[in-house]
Amino acid sequence: MVESQIDATDPDDPIARQFRLDPREALEVPGFNADPVGDLAANAVPGVLHKYRGRALLVLTGACAVHCRYCFRRHFPYGDQRLDEAALEQALAYLAADPEMTEVILSGGDPLVLSSRRLVSVIERLAALPHLRRLRIHSRIPTVSPERIDDSLCRMLADFPGQVVLVAHVNHPRELGAESAAAFRRLRDAGVTLLNQAVLLEGVNNDTEVLVELSEALFAQGVLPYYLHLLDPVAGAAHFAVDAETGRERIEALRACLPGYLVPRFVVEQAGEPSKTPIG
Ligand SMILES: *Cc1c(COP(=O)(O)O)cnc(C)c1O
Ligand code: SF4
């Protein structure tokens with residue numbers, strides 16, 4: 001799927017850029033490190049990242065359908081997080097013990113690379129958590145493997161007793177096409193609320209017109225822009241960095257030509273803060 005989105009004749013293709021190894025990754029750049037957002041300090045029990053009140057990440061797998069070269073968890077020690085039955089029990093007990101825990105976010109890695117059988121077994125147990133109202137899924141699958149959004153997956157999400165939110169990860173409008181539109185439609189038909197997070201990336205989407213088109217194309221497929229992230233300074237990704245001031249200008253330009261609901265919140269993740277931090 002990703003291959004079909006790439007223009008092989010374009011050496012600067014904005015989709016290829018996200019996945020292709022770049023010699024600049026080997027450069028050591030001050031400020032860029034292995035744990036840029038304090039994940040290790042937030043690792044409450046294996047598989048759980050708990051930073052914010054009322055919601056926590058459950059990391060079911062370190063695998064993804066694609067490997068984004070700017071991924072902020074590219075150095076994350078997933079090997080230590082493997083959720084065997086005992087660890088999953090411990091993770092669920094941790095989530096159940098917090099009376100404020102109203103939302104669990106399946107993230108990773110990409111939770112939708114797991115089999116439907118594995119997902120059903122985890123989601124059924126999440127549904128039994130005493131305080132849970134919402135299940136959130138962070139996934140790139142609707143655009144990189146849209147066929148994975150199949151009947152069994154949609155039925156499972158439709159059956160979840162609380163609300164289900166899926167946050168897609170699309171950085172460039174060309175990642176969207178007829179197949180992603182069909183996948184998002186199936187999700188919406190299953191009652192899933194669709195949002196998108198993108199990362200502001202040099203060589204990919206650091207361009208007002210591209211960002212405008214991204215918001216338009218997402219909404220045309222029933223997806224609301226949620227976050228535009230400033231790049232997390234992870235080692236090996238410095239060549240993707242766009243400075244905060246440029247990002248602020250992009251957002252102002254978007255605000256001048258789009259309805260407010262199509263302007264994503266421009267944020268940065270700072271270790272130790274109680275939420276993502278808005279910029280500007
Ligand atoms: C980003 C993140 C969330 C989600 O934050 P929202 O602002 O609710 O989207 C939750 N937990 C962790 C550990 C995160 O990194
Ligand atoms: S899909 Fe998300 S978690 Fe997976 S490599 Fe890309 S940014 Fe990282």
Side-chain angles (χ1 to χ4, degrees), residues 1-2 15 17-21 25 34-45 47-78 81 91 94-95 98 100-114 132-145 148 163 165-172 175 193-201 204-205 224-237 240 264-279:
M1 179 63 195
V2 170
I15 297 168
R17 180 68 61 97
Q18 298 176 51
F19 305 115
R20 229 173 249 155
L21 204 106
E25 292 184 21
D35 181 23
V37 295
D39 274 343
L40 296 179
N43 198 186
V45 293
V48 175
L49 290 175
H50 188 191
K51 293 183 182 174
Y52 308 148
R53 186 170 164 177
R55 56 218 195 275
L57 249 57
L58 181 61
V59 177
L60 295 175
T61 173
C64 287
V66 287
H67 289 278
C68 315
R69 302 308 304 174
Y70 55 84
C71 178
F72 67 107
R73 291 209 186 100
R74 55 183 282 175
H75 305 292
F76 190 71
Y78 284 112
Q81 310 288 318
Y94 176 85
L95 298 168
D98 182 346
E100 292 185 332
M101 192 60 70
T102 51
E103 179 166 340
V104 169
I105 304 170
L106 301 182
S107 182
D110 195 317
L112 297 187
V113 303
L114 297 172
L132 202 75
R133 294 186 193 143
R134 287 180 298 277
L135 175 68
R136 194 194 317 182
I137 298 173
H138 284 179
S139 177
R140 244 190 132 138
I141 288 284
T143 50
V144 299
S145 304
R148 171 67 186 94
Q163 252 121 15
V165 178
L166 182 132
V167 182
H169 178 174
V170 183
N171 295 314
H172 192 281
E175 293 169 49
T193 298
L194 300 174
L195 306 173
N196 184 62
Q197 55 181 342
V199 184
L200 185 60
L201 297 167
V204 176
N205 60 10
L224 273 174
Y226 177 38
Y227 280 143
L228 178 66
H229 294 271
L230 190 72
L231 180 74
D232 296 315
V234 67
F240 285 112
R265 302 158 177 83
F266 184 41
V267 294
V268 61
E269 180 162 352
Q270 285 171 331
E273 290 298 313
S275 70
K276 308 279 188 265
T277 307
I279 306 174

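Along the sequence shown, residues are numbered consecutively beginning with 1. In each ligand, atom 1 is the first atom listed, and ligand 1 is the first ligand listed.
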(Q) Check contact between Glu269 and ligand 1, using heavy atoms of the residue and a distance below 4.0 angstrom. (A) yes
(Q) So, 4.0 Å and heavy atoms of Gln197: is ligand 1 close enough to count as a contact? (A) no
Q.
Heavy-atom pairs closer than 4.0 Å: do any link ligand 1 to the side chain of Val167, the backbone, both, or neither?
A. neither
Q: Determine whether the side chain, the backbone, both or neither of Cys64 has a heavy atom under 4.0 Å from any heavy atom of ligand 2.
A: side chain
Q | Any N or O of Arg136 closer than 3.5 Å to N or O of ligand 1 | A | yes
Q) Does at least one non-hydrogen atom of Arg73 fall below 4.0 angstrom from an atom of ligand 2? A) no
Q.
Could you measure the distance from the OG1 atom of Thr193 to the CZ atom of Arg136? Nearest 0.5 Å is fine.
A. 11.5 Å
Q: May I ask you to check whether His138 has an N/O atom sitting below 3.5 Å from an N/O atom of ligand 1?
A: no
Q) In terms of side-chain heavy atoms, does Gln197 have a donor or acceptor partner in His229 at a distance below 3.5 Å? A) yes
Q) Does an N or O from Tyr226, backbone or side chain, lie closer than 3.5 Å to an N or O of ligand 1? A) yes
**Q.** Shortest protein heavy-atom distance from atom 5 (S) of ligand 2, along with the residue and atom involved
**A.** Cys68 N, 3.4 Å
Q. Closest non-hydrogen protein atom to atom 2 (Fe) of ligand 2, residue and atom name please, with distance?
A. His169 ND1, 4.0 Å
(Q) Checking the N or O distance criterion of under 3.5 Å, is ligand 1 in contact with Lys51? (A) no
**Q.** Separation of Ile105 CD1 from Ile137 CD1 (nearest 0.5 Å)
**A.** 11.0 Å
Q: Considering the heavy atoms of Arg140, write down every atom of ligand 2 situated less than 4.0 Å from one of them.
A: 1 (S)
Q. Does the side chain of Ile141 come within less than 4.5 Å of Val113's, by heavy atoms?
A. yes
Q. Between Met101 and Arg53, is any pair of side-chain heavy atoms under 4.5 Å apart?
A. no
Q: Say whether, by atom type as modelled, one donor and one acceptor occur between the side chain of Asp98 and the main chain of Gly54 under 3.5 angstrom.
A: no
(Q) Return the CG to CG distance between Leu58 and Leu95, rounded to the nearest 0.5 Å. (A) 6.0 Å
Q. Looking only at protein heavy atoms, which one is nearest to atom 8 (Fe) of ligand 2, and how far off is it?
A. Cys71 SG, 2.3 Å
Q. Got an N/O contact under 3.5 Å between Arg73 and ligand 1?
A. no
Q) Would Glu175 and Gln18 count as having a side-chain donor-acceptor pair, cut-off 3.5 Å? A) yes
Q) What is the closest protein heavy atom to atom 2 (C) of ligand 1, and at what distance does it sit? A) Lys276 NZ, 2.6 Å
Q: Any chance you could measure Asp39, atom CG, to Leu49, atom CG, to the nearest 0.5 Å?
A: 5.0 Å
Q) In terms of residue, atom name and distance, what is the protein heavy atom nearest to atom 8 (O) of ligand 1? A) Arg55 NE, 2.5 Å
Q. Which distance, rounded to the nearest 0.5 Å, do you find between the CG of Leu57 and the OH of Tyr52?
A. 9.5 Å
Q) Between Cys64 and Val144, is any pair of side-chain heavy atoms under 4.5 Å apart? A) no
Q. Looking at atom 7 (O) of ligand 1, what's its closest protein heavy atom, distance included?
A. Tyr227 OH, 2.6 Å
Q. What residue and heavy atom of the protein are closest to atom 11 (N) of ligand 1, and at what distance?
A. Leu57 CD1, 3.5 Å
